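A quick note: this is a predicted structure, and the numbers were derived from the prediction, not measured.
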Amino acid sequence: MATAILRLPTVKARTGLSRSTIYLRISEGRFPKPVSLGGRAVGWIEAEVNDWLNQQIEASRKAAD
């Protein structure tokens, strides 16, 4: 299975979070860390972002109950 890497614009679109919020949550340990792609380029592993989104959905649903 190939690992898909998402760049920041895609992560922002999928999560609805701004760049600064994404990096704040990374520093707090509440969002997946990016992987280095060489130079100054980074990306996020798609499966980790999807897992994070599913956790947010579950937490939101439990809070609403």
Side-chain angles (χ1 to χ4, degrees):
M1 182 172 115
T3 301
I5 299 294
L6 306 176
R7 298 302 304 271
L8 183 60
T10 304
V11 173
K12 288 169 54 180
R14 286 205 183 174
T15 63
L17 299 174
S18 69
R19 177 189 187 280
S20 60
T21 300
I22 289 169
Y23 280 100
L24 173 66
R25 290 186 182 188
I26 290 169
S27 71
E28 296 172 343
R30 299 189 301 130
F31 195 82
K33 291 182 179 180
V35 294
S36 174
L37 302 176
R40 297 180 63 185
V42 296
W44 284 260
I45 297 171
E46 182 178 35
E48 292 181 357
V49 173
N50 288 339
D51 288 345
W52 181 86
L53 283 168
N54 287 330
Q55 290 171 6
Q56 299 306 302
I57 292 167
E58 286 183 28
S60 177
R61 299 285 191 256
K62 286 181 182 175
D65 289 338

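To the nearest 0.5 Å, atom CG of residue Asn50 and atom OG1 of residue Thr15 are 11.0 Å apart. A distance of 5.5 Å separates CG in Leu8 from OH in Tyr23, rounded to the nearest 0.5 Å. Rounding to the nearest 0.5 Å places CG of Leu24 at 12.0 Å from CZ of Arg19.
Residue Trp52 comes nearest to Arg25 through the heavy atom pair CZ2-NH1, 3.6 Å, listed as atom of the first residue, atom of the second, then distance. Looking at every heavy atom in both residues, Leu17 comes nearest to Phe31 through CD1-CE1, 4.3 Å. Residues Ser36 and Val42 share a closest heavy-atom pair of CA-CG1, 4.3 Å. The two residues Ile26 and Pro34 make their nearest non-hydrogen contact at CD1-CD, 3.7 Å.
No continuous path of hydrophobic side-chain contacts links Leu6 to Leu37 [ILVMFWY only; heavy atoms under 4.5 Å]. Under a hydrophobic clustering in which Ile, Leu, Val, Met, Phe, Trp and Tyr are joined whenever their side-chain heavy atoms come within less than 4.5 Å, directly or via other members, Val35 and Leu53 fall into different clusters.
Within the 4.5 Å cutoff, no side-chain heavy atoms of Arg14 are placed close to those of Trp44. For the pair Ile45/Pro32, no side-chain contact is recorded, criterion being any heavy-atom separation below 4.5 Å from C-beta on.
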- Item | Steps toward side-chain contact (heavy atoms from CB on, under 4.5 Å) verdict (Thr10, Val49) | CA-CA 10 Å; Thr10 304; Val49 173; over 6 Å; no
